[in-house]
Amino acid sequence: MLIDLSNVLSEPHRSVDETVPCELKIFRNGLGEYPVTESSDVHVKINYMENGKLQIEGTCKLTVEIPCDRCLEPVATVFDLNISRITKGNVTDESEVESEDLDEANYIDGYTLDVDQLISSEILIGWPTKILCSEDCKGICNVCGQNLNQGTCNCEDTSLDPRMSVIRDVFKNFKEV
Ligand SMILES: [Zn+2]
Ligand SMILES: [Zn+2]
């Protein structure tokens, strides 16, 4: 969804206050594509500040399916976004740029704001460092790929910590005695 910024950027700088549908169906980052399974409407407020700067605020709640770090099953992850950005405006001297918003160019193109790009950028900022389907997810077997939350397999576990194999050898020796 695109929002026209010409009214807010030019006199008399009429503010934007709109509720628009979220059209983001797939979130992409450098690593993969993640389906957006649910999303609320996006409420966007844009106010003119000075020197061409805009204050952009937005709220949107959406659910993105992200694979569990251990077992790869999709985990419905809710992002409750509270966007607050200030654009660079008419800067003549690059050193005067106060905005830390380095990806502004992704969502503003001249006189249009790309709402879905803005949301994508915000999801990226809030991307969780760790995704687990549950705290005690058992992961998958490194040998056969069996999801160990759903059942066990008969593979010899070769991925054990080396310290564990020492213990295992001790047990073997013990049995032989
Ligand atoms: Zn898992
Ligand atoms: Zn296995």
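Note that the coordinates shown come from a computational prediction; the quantities given were computed from them, not determined experimentally. Every number for a ligand or one of its atoms is a count from 1 in the order of the listing.
Pairing each heavy atom of L62 with each of I119, the nearest pair is CD1-CG2, 4.0 Å.
Without hydrogens or angle criteria, D17 side chain to K45 main chain gives no donor-acceptor distance under 3.5 Å. Under a 3.5 Å cut-off, the side chain of D80 and the backbone N or O of K61 do not form any donor-acceptor pair.
Atoms of the protein (N, O or S only) found under 2.8 Å from the Zn ion (ligand 1) are C68 SG, C71 SG, C133 SG, C137 SG. Protein contacts to the Zn ion (ligand 2) involving N, O or S atoms at a distance below 2.8 Å are C141 SG, C144 SG, C153 SG, C155 SG.
Atom NZ of K130 sits in a sparse spot, with 12 or fewer heavy atoms from other residues, nucleotides or ligands closer than 6.0 Å. Heavy-atom contacts from other residues, nucleotides or ligands closer than 6.0 Å to CD of E38 number 12 or fewer. No more than 12 heavy atoms of other residues, nucleotides or ligands lie within 6.0 Å of CG in D109, so this atom counts as exposed by the packing criterion.
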request  = Check the pair N47 / H13 against side-chain hydrogen bond (donor to acceptor under 3.5 Å, both in side chains), numbers first and verdict last.
outcome  = CA-CA 8 Å; N47 290 303; H13 305 302; over 6 Å; no
message = Between N29 and Y34, is the side-chain contact (heavy atoms from CB on, under 4.5 Å) condition met? List the steps.
response = CA-CA 9 Å; N29 59 17; Y34 308 88; 3.5 Å; yes
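Put simply, the side chain of L132 does not reach to within 4.5 Å of the side chain of V75, judged on heavy atoms.
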